[in-house]
Asks: 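Below is a structure I'd like to ask you about.
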Amino acid sequence: MEVLRGSPRTERAVGQTIYAYHDGYHHAAPQYEVLFEGAHVDEDLDMVPAARRLERTAELYLSKVPLTTDPGYVYQERLFLSIGRDGVYLTIEWTSEPYQRRIAWTHADPHRVRKSVETRLADQGGLTAHQRTVFRKEPARLLEKLVVIDDHLPMFKPIDAAERDDGTWLIELDPLADILPLHDHLEEF
Amino acid sequence: MPDSEYLTGLQPFVEKALEILRCTPSVDRVVGRFAFADFDGNSHTSPECSVLYEGTHADEDLDTVPAARRLERTAASYLSMVPFNIDPACGYQETLSLSIDRTGAALKIHCVDAPYERTISWSHPGFAQLRKFIKVVVRKGVELTAHQKMEMLTNPARHFEKLLIPYAHRKLLKPIAAKAMDDNTYIVELSPSTKLLSKNTYHI
């Protein structure tokens, strides 16, 4: 926020993990970096002390978020923390699957978070029109069909679900659900 | 590529570093480097570029120095002009460091798997007092007598060919002085006209 205040043309600061190396079998450990989106030129931020401070300390903060980065593991995740003038969203993606979890909040009401999971169904296209209608009304029942998080999603307390054009589902979860240690539950998968 | 070409290309990096040293008296030295962060047992990955500051300052002191962030953001584009070998598929890989203090600068290229290093040093401003060095190790199986060791120091050109681990192009290096580091390792100063850093000069 200090960077955004010091540089009006910067619209968003994004901290992210990136995997710089892929040898065909696994990614190496991620690197943490900060990007600034907007109409500014990068040199504008040389005059904003908070920009360099953020770049130098980003790893310290971002590495606190529990995500799986171990190259020896079956899956690895990627993190984005995107901060605009209105609010923030923290997204964790699976590098090789259409699977994403997100926590979003506004600066005006930081304690009122929204949590969601984006994923796909185990049985692609296997839902009838009736089932789709039911699942939109009762998203908890949909979760049994999810491939990625099948056995464990009931604890995430879904409150809404919407199917997207690409066949993925966006499921909004109860704000009280503990969404980030999801990788612990994925271990069995 | 002649040495002078990439040395000229490094000049903006040097100027930015000097600006940092002027703005932050507690910083003694600015070091840009390409190093290998990951080694999987068979090959190194691509090197990562970083800028380090040596001195008694706190890192936060540099937040208010615009040149510091500018140097960090652009270091890779300058340092990558220097021809050194980073290919993990090659038999050897090198790391690079460019160290700048208030009196001068030194560009070092070090082979990660061998005690082998090339250095170009100079004084500010510009490239005054440009000197070139190579650290070499006596080849396996070659035993220098005490007399030869003495001669090596007084007339390095004569014994240079016995020392180099890499075999090719040694005659291009024009040694002018040598200093013994230990029985097997020598720092050999080369003529400033030597083309020191061209990729693959020292490896067949």
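Just so we're on the same page: letters track the sequence lines, and every chain starts at 1.
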Asks: Check the pair B:Arg73 / A:Glu43 against side chain to side chain contact (heavy atoms under 4.5 Å, CB included), numbers first and verdict last.
Replies: CA-CA 9 Å; B:Arg73 302 284 282 184; A:Glu43 285 83 348; over 6 Å; no
Asks: Would you compute the distance between atom CD of B:Glu60 and atom CZ of A:Arg53 and round it to the nearest 0.5 angstrom?
Replies: 4.0 Å
Asks: Could you state the interatomic distance from CG (B:Leu71) to CG (A:Asp46), rounded to the nearest 0.5 Å?
Replies: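 Atom-to-atom, B:Leu71:CG and A:Asp46:CG are 10.5 Å apart.
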Asks: Would you indicate whether A:Met47, at its atom CE, is surrounded by more than 12 heavy atoms from other residues, nucleotides or ligands within a distance under 6.0 Å?
Replies: no
Asks: Is it true that, when you exclude A:Asp109 itself, more than 12 heavy atoms of the residues, nucleotides or ligands shown sit nearer than 6.0 Å to its CG?
Replies: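 More than 12 within 6.0 Å, yes.
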Asks: Hey, is CZ on A:Arg114 packed in by over 12 heavy atoms from elsewhere, all under 6.0 Å?
Replies: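 It does not: A:Arg114 CZ has 12 such atoms or fewer within range.
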Asks: Does a side-chain heavy-atom distance below 4.5 Å link A:Arg56 with B:Leu62?
Replies: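 Of all side-chain heavy-atom pairs linking B:Leu62 with A:Arg56, none is under 4.5 Å.
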Asks: Counting C-beta onward and ignoring hydrogens, is there a side-chain heavy-atom pair between B:Val65 and A:Arg52 closer than 4.5 Å?
Replies: no
Asks: Quick one: of A:Asp42, A:Val48, A:Thr57, who has the most non-hydrogen atom pairs under 4.5 Å with chain B?
Replies: A:Asp42
